[in-house]
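Notes follow once the structure below has been shown.
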2 protein chains.
Amino acid sequence: MEERVKQIKQQLSAHNYKLTPQREATVRVLLENEEDHLSAEDVYLLVKEKAPEIGLATVYRTLELLSDLTIIHKLNFGDGVTRYEFRAEGAEHHHHHLICLNCGAVDEIIDDWLGPIEKRVEKEFDFQIIDHRLTFHGICHRCKDQVKDPGKLVGSKVT
Amino acid sequence: MEERVKQIKQQLSAHNYKLTPQREATVRVLLENEEDHLSAEDVYLLVKEKAPEIGLATVYRTLELLSDLTIIHKLNFGDGVTRYEFRAEGAEHHHHHLICLNCGAVDEIIDDWLGPIEKRVEKEFDFQIIDHRLTFHGICHRCKDQVKDPGKLVGSKVT
DNA sequence: TTATCATATGAGATTTGATATCAATTGAAT
DNA sequence: ATTCAATTGATATCAAATCTCATATGATAA
């Protein structure tokens, strides 16, 4: 934890940014909730618990800054809010997500299985891939017993 | 064209909805711009040209209705607006998108290449897939000559 | 035709997520 | 201590989307 904060501090300094108390509080919240996909509002409320004087705009600015430096990654699961997660260290692409249409849980696939498909895209479409996003929508293992008609779940969801 | 309108009319009646003049105008705009990925605002402005009295809320309601009936599909390319496209007829899953980080163009991959990966997900994660979304972000063939440092393009973009 | 009634609509208010503005504060380097 | 750029917090603003509600529409029954 401490060394991750330190590492981020170095990444900031490398670009002439400082790790201010507000930024540090925000980073710590992100680290403490690394398994979640927090929205800016989520982060704001959590940071406020340890640093009540922080402003919402500062949280947004910090998230934007961390995102610019590719320390974290902006995600959009179609629920109207931008979410944030740490970039897998060293990983060129971020991982994939499994979104349960029944309970809303977001699980992750750590592996990147798209290698062969990317090669095909680059070749057939002359498209140089920088990043990708793969999301599966369906029923997670926790819900499979209580959902009888999955067809009902499809509909107006943004994907 | 006419028969597609007729077909949609039937899909609506099947669920006790009527194809009102406003809904028909909206559907026609969507059909006439099938190759694009229009936002609600785009649709609104286009519909207004042929039916100036229509209200924005009605367009939103119509898009939501068509989306509920899975006649169209909501898309989110991370630019802050929801976009819409017709569902491929009969296709279980919609196709994939190539988004150029330089010019913003959205191209499509008609094939569904995820079969083997989906099998693996269903098996390894006990996750029943209903739909998926796959998007590649990178440099399209039209831009590849004018972009020297693709690394610069990565950053705070929502993906 | 006329009355009835559920559905659909338009105008505008409201909500919500996110960004911009700007005066005040901080803190590092003189 | 002084200076000066970076940062912050409060708030205004913006844009997308939704909600409210009075009105309009249209099918059906008398």
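Proteins get letters first, then strands, A, B, ... in listed order; numbering begins at 1 in each. Computed from a prediction, not measured in an experiment: that's the story for all the values here.
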Within this structure, what is the [atom1]-to-[atom2] distance between [X] and [N], rounded to whole angstrom?
| X | N | atom1 | atom2 | answer |
| --- | --- | --- | --- | --- |
| B/Asn76 | D/dA15 | CG | P | 19 Å |
| B/Leu65 | C/dA8 | CG | C1' | 11 Å |
| A/His15 | D/dT7 | NE2 | P | 13 Å |
| B/Gln22 | C/dA11 | CD | C1' | 14 Å |
| B/Glu41 | D/dA17 | CD | C1' | 10 Å |
| B/Lys18 | D/dA24 | NZ | P | 17 Å |
| A/Glu24 | D/dT7 | CD | C1' | 15 Å |
| A/Lys74 | C/dT19 | NZ | C1' | 10 Å |

Is the phosphate of [N] approached by [X] (side-chain N or O, under 4.0 Å from OP1 or OP2)?
| X | N | result |
| --- | --- | --- |
| B/Thr20 | D/dT25 | no |
| B/Tyr60 | D/dT18 | no |
| A/Thr82 | C/dG17 | no |

Judged by nearest nucleotide, the residue sitting upstream toward the 5' end of DNA chain C, A/Ala40 or A/Arg61, is A/Ala40
**Request:** Return yes if some donor-acceptor pair links the side-chain N/O of B/Gln22 with the main-chain N/O of B/Thr58 below 3.5 Å, else return no.
**Result:** no
Expected list for residues 51-58 of chain B near DNA chain C, using heavy atoms below 4.0 Å, is B/Glu53, B/Ile54, B/Gly55, B/Ala57, B/Thr58
Taking the side chain as every heavy atom from C-beta outward, state whether A/Asp68 and A/Glu64 have any pair of such atoms under 4.5 Å apart. yes
Does the separation of the ring centres of B/Phe86 and B/His73 fall below 6.0 angstrom?
no
Taken in chain and number order and not counting sequence neighbours, the residues that satisfy side-chain hydrogen bond (donor to acceptor under 3.5 Å, both in side chains) with A/Asn33 are none
Across all chains, not counting sequence neighbours, the side-chain hydrogen bond (donor to acceptor under 3.5 Å, both in side chains) partners of A/Arg28 are A/Glu2, A/Glu24
Any idea how A/His97 and A/His37 line up, ring-wise: parallel (<30°), tilted (30 to 60°), or perpendicular (>60°)? perpendicular
| message | Angle between ring planes, B/Trp113 versus A/Phe125, binned at 30° and 60°: parallel, tilted or perpendicular? | response | tilted
The answer to which of A/Thr62 and B/Arg83 contacts DNA chain D further toward the 5' end, by nearest nucleotide, is A/Thr62
Across the strands shown, which category fits A/Arg23 at heavy-atom distances under 4.0 angstrom: base, sugar-phosphate, nothing?
sugar-phosphate
